[in-house]
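Only heavy atoms go into these numbers, but all of them, side chains included; no hydrogens, no water, no symmetry mates. We name chains A, B, ... by the order of the sequence lines, and we start the count at 1 in each one.
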Number of protein chains: 2
Amino acid sequence: MAAAVELLDAHGVDGLTMRRLADGLGSGVMSLYWHVDNKENVFDLALDSVLEYRGPQTAQQAQDWRAEAVHMLEDWRASMLRHPWSASLLPRRALGPNILSRLEVLSKTLSRAGVADADLNVAIWSLWNYVMGATVTRASFDLSDEDRAAAQQRLTSLSERYPTIERSRLLLDNDWDGAFRQGLGFLLDGLSPR
Amino acid sequence: MAAAVELLDAHGVDGLTMRRLADGLGSGVMSLYWHVDNKENVFDLALDSVLEYRGPQTAQQAQDWRAEAVHMLEDWRASMLRHPWSASLLPRRALGPNILSRLEVLSKTLSRAGVADADLNVAIWSLWNYVMGATVTRASFDLSDEDRAAAQQRLTSLSERYPTIERSRLLLDNDWDGAFRQGLGFLLDGLSPR
DNA sequence: ACCTGAACACCGTTCAAGT
DNA sequence: ACCTGAACACCGTTCAAGT
């Protein structure tokens, strides 16, 4: 599936064509259908291959649950941003083994941190929502590179009608990494036991 | 654009075809291109029409910032879930006037609540991320109705390998509305001033 | 067991032309 | 100003057939 990932990285979701993929593999188009049921299947395999998690490099686990959670979540986001087509695909497909492993890790970490069993699922889904929302949004800015200039100009002309977000420069702020980390901190504050 | 929204509701993003849209309008396909630049333009118009916000019905504003924020955000989510194709489209397109209005409202509310100017953008994007992640995920479950049975079975067979999320029944819990509200509460806790 | 070409039923959009 | 049909360059996938 490395060939599919390469194609997706280069041309985006719409650029992955069964014909183009076959070309990259040096085979006929219909050969693909021996190995794969249909095009969606290709997406599923490519998506899962991108979501593997190896865990923190140092054996710092068990001592700082918060650092551990942040590490997994930031690595998850980074993995998806390395392949900007992946984020918008993930919530639309069945969950593969690699993303389930990440959720398992997260669940263990939060449990160990003292999050009540009754709050555990809500906590996990909240973090899922935060990461997915942030990454889907960020990734789409990567994809529409050429439109940026036009969008920028459209915004400043429109923003007279939206004085508050204009004043805080909401749409011009592009410290995405910092905003992600800081907002994640706020969310973990809210989720922390006691 | 009501015709486009209807088609999208009925057949999803892939079901909206220029040919089908023209049929619904009782015109030739190419007539559409007089009113619209291309297909993406149709999506933009349909998307914005779905995101209008009328504000809270009672004049309870200014007294309870938290209720006001929750009202807008839950209404935003509900509007997108009424049109399940809309959520995954929103982060991929340029921001239209209606969603900008919602962000303006949110910004005013949080500002009035005492959120520091330095934290304002992070707070808004955090809420954006949470709502978008939750809704994109939830909406896709609506779309893949038929696959549910198969997915369910696949999950229980797989879940032996993921004991923690199996034990909390993470993937079987389907109180989506409750989880959204509760998680939003946690996030607002974390974002609250002081 | 694995690969293939031809064919089918579609797409979005250009273009030249109509009223 | 608005609408149209024909044509172009694509799609994913079925099927019957090859090795």
Visitor: So what's the dot-bracket for DNA chain D: Watson-Crick or G-U pairs under 3.5 Å, [ ] if a pair crosses, | if it pairs off-strand?
Guide: ||.|||||...|||||.||
Visitor: Table please: side-chain donor-acceptor pairs of residues 19-35 of chain A below 3.5 Å, with sequence neighbours left out.
Guide:
residue	atom	partner	partner atom	Å
Arg20(A)	NE	Gly15(A)	O	3.2
Arg20(A)	NH2	Gly15(A)	O	3.1
Ser31(A)	OG	Gly28(A)	O	3.3

Visitor: Salt bridge (charged side-chain N to carboxylate O under 4.0 Å, His left out) with Asp173(A): which residues, sequence neighbours excluded?
Guide: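 Per chain and number, Asp173(A) pairs via salt bridge (charged side-chain N to carboxylate O under 4.0 Å, His left out) with no residue.
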Visitor: Between Tyr53(B) and Ile99(B), is there a donor-acceptor pair closer than 3.5 Å when you use the side chain of the first and the backbone of the second?
Guide: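 Answer holds: no.
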Visitor: Can you check whether Ser31(A) has a side-chain N or O nearer than 4.0 Å to OP1 or OP2 of dT4(C)?
Guide: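 For dT4(C), OP1 or OP2 has a side-chain N or O of Ser31(A) closer than 4.0 Å.
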Visitor: Roughly how many Å apart are dC2(C) and dA17(D), using the P atom of each and rounding to a whole number?
Guide: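 Roughly 22 Å separates the two P atoms.
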Visitor: Identify, with sequence neighbours excluded, every residue that meets side chain to side chain contact (heavy atoms under 4.5 Å, CB included) alongside Gln182(A).
Guide: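 Expected list: Phe186(A), Asp119(B), Val122(B).
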Visitor: Side chain to side chain contact (heavy atoms under 4.5 Å, CB included) with Asn98(A): which residues, sequence neighbours excluded?
Guide: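 Scan of Asn98(A) (side chain to side chain contact (heavy atoms under 4.5 Å, CB included), adjacent residues dropped) gives Asp48(A), Leu51(A), Glu52(A).
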Visitor: Only counting residues at least two apart or in another chain, list the ones meeting salt bridge (charged side-chain N to carboxylate O under 4.0 Å, His left out) with Glu40(A).
Guide: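 For Glu40(A), the residues satisfying salt bridge (charged side-chain N to carboxylate O under 4.0 Å, His left out) (neighbours in sequence not counted) are Arg93(A).
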Visitor: With sequence neighbours left out, what residues match Asp175(B) under salt bridge (charged side-chain N to carboxylate O under 4.0 Å, His left out)?
Guide: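 Asp175(B) satisfies salt bridge (charged side-chain N to carboxylate O under 4.0 Å, His left out) with no residue once adjacent residues are dropped.
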Visitor: Among residues at least two apart in sequence or on other chains, which ones pass side chain to side chain contact (heavy atoms under 4.5 Å, CB included) with Ser111(A)?
Guide: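 Side chain to side chain contact (heavy atoms under 4.5 Å, CB included) list for Ser111(A), sorted by chain: Asp117(A), Leu120(A), Arg167(B).
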Visitor: Taking side chain to side chain contact (heavy atoms under 4.5 Å, CB included) as the test, write out the residues that go with Ala134(A), two or more places apart.
Guide: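 Here the qualifying residues are Phe180(A), Asn129(B).
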Visitor: Using a cut-off of 4.0 Å between protein heavy atoms and nucleotide atoms, how would you tag nucleotides 7-19 of chain D 5' to 3' with B, S and -?
Guide: B---BBBB-----
Visitor: Can you name the ring pair (Phe, Tyr, Trp, His ring centres under 6.0 Å) partners of Trp128(A), sequence neighbours left out?
Guide: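 With neighbours one apart ignored, the set is Trp76(A), Trp125(A).
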Visitor: Where along residues 2-10 of chain B does a heavy atom come under 4.0 Å from DNA chain D, residue by residue in number order?
Guide: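 Those residues whose heavy atoms fall under 4.0 Å from DNA chain D, taken from residues 2-10 of chain B, amount to none.
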